[in-house]
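Contents: one structure, followed by commentary.
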Protein chains: 2
Amino acid sequence: MTDHEKKMYEELARISKALAHASRLYIIHKLDEQEYCVKELTELIGADISTVSKHLTILKNAGIIIDEKRGNCVYYQLQCRCVLSMFSCLTDVIDSNKNKINTILN
Amino acid sequence: MTDHEKKMYEELARISKALAHASRLYIIHKLDEQEYCVKELTELIGADISTVSKHLTILKNAGIIIDEKRGNCVYYQLQCRCVLSMFSCLTDVIDSNKNKINTILN
DNA sequence: TGCCTATTTGGTCAATTAGCCAAATAGAGT
DNA sequence: ACTCTATTTGGCTAATTGACCAAATAGGCA
């Protein structure tokens, strides 16, 4: 692996690490429907608000979501819907395993 | 988040965690070109062979790659090429950030 | 059988991550 | 200015992860 390749894969890994958590995937999914503020997401997720705020910071630093302060609240939305293709990738992997198992069993 | 949703997102996170490492992304990329054995991948990556073996185990447990013992070696290949769409997802996110920055600067 | 190569496993250590609580900060509205 | 709400930050602990080394395992081949 060349130095250049190494940098490149680390950059890709930086984004994929941000995606590697159930609550963060959930947040992305919800933000595809509509924008939400921290408090609303906290109620949806059911964790401490500081925990949710930190998840949001991680997603923001990875450039996956953006924030906008309006009135008393900070509203978050997807920076780009392109991240949603992640979900089909993950479910495709899961499905391909199920198919594999079925193929072996039949 | 309902119990059912929680389980679902944890299942998705299980796969995405397996993808969240530079060496593992690199392995996936190389295995798209051709199959490789552990020793070959170790030379490409330049880490300890036990480290590489563990990365391969993680990918295998996530159902992303499969192994096949032939002769003296264990050869790994992608279980499904569908996982490759991950790369375009990640690069799209990176690109969308660059575009965002350019939009702001211009 | 015995040797050799390839791979996995177990142990240890350092670094990172995730969660909560408490405290600090920011700003809206009175 | 004061209060109240929303959010972030700092501190702490427990759990997980990643790396290496050393040892165990597995199989092929002389």
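Per chain, numbering begins at 1; letters A, B, ... match sequence-line order. Every heavy atom of this structure was used, including side-chain atoms; hydrogens, water molecules and symmetry mates were not. Given the structure is predicted, the values throughout are model-derived calculations rather than measurements.
Within the model, atoms CD of B/E35 and CG of B/D67 stand 11.5 Å from one another, a figure rounded to the nearest 0.5 Å.
For the residue pair B/L59 and B/A18, the shortest heavy atom distance occurs at CD2-O, 3.7 Å. A/M86 approaches A/L19 most closely through the heavy-atom pair SD-CD1, 3.7 Å. When all heavy atoms of A/A62 and A/I15 are compared, the pair lying nearest together is O-CD1, 3.5 Å.
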Per-nucleotide protein contact along nucleotides 15-22 of chain C, 5' to 3', at a 4.0 Å heavy-atom cut-off (B base, S sugar-phosphate only, - neither), is ---SSBBB
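Ionic pairing of B/E11 and B/K7 is not present here: no N-O contact between side-chain nitrogen and carboxylate oxygen is shorter than 4.0 angstrom.
One atom, CG of B/L56, and another, P of C/dA6, lie 15 Å apart when rounded to the nearest Å.
A donor atom on one side chain and an acceptor atom on the other are not found under 3.5 Å apart for A/Y26 and A/H21.
For the pair B/F87 and B/I28, the minimum side-chain heavy-atom distance is below 4.5 Å. Within the 4.5 Å cutoff, the side chain of B/D32 has no heavy atoms near those of the B/V83 side chain.
Residues from residues 61-78 of chain A lying near DNA chain D, meaning a heavy-atom separation below 4.0 Å, are A/N72, A/C73, A/V74, A/Y76 in numerical order.
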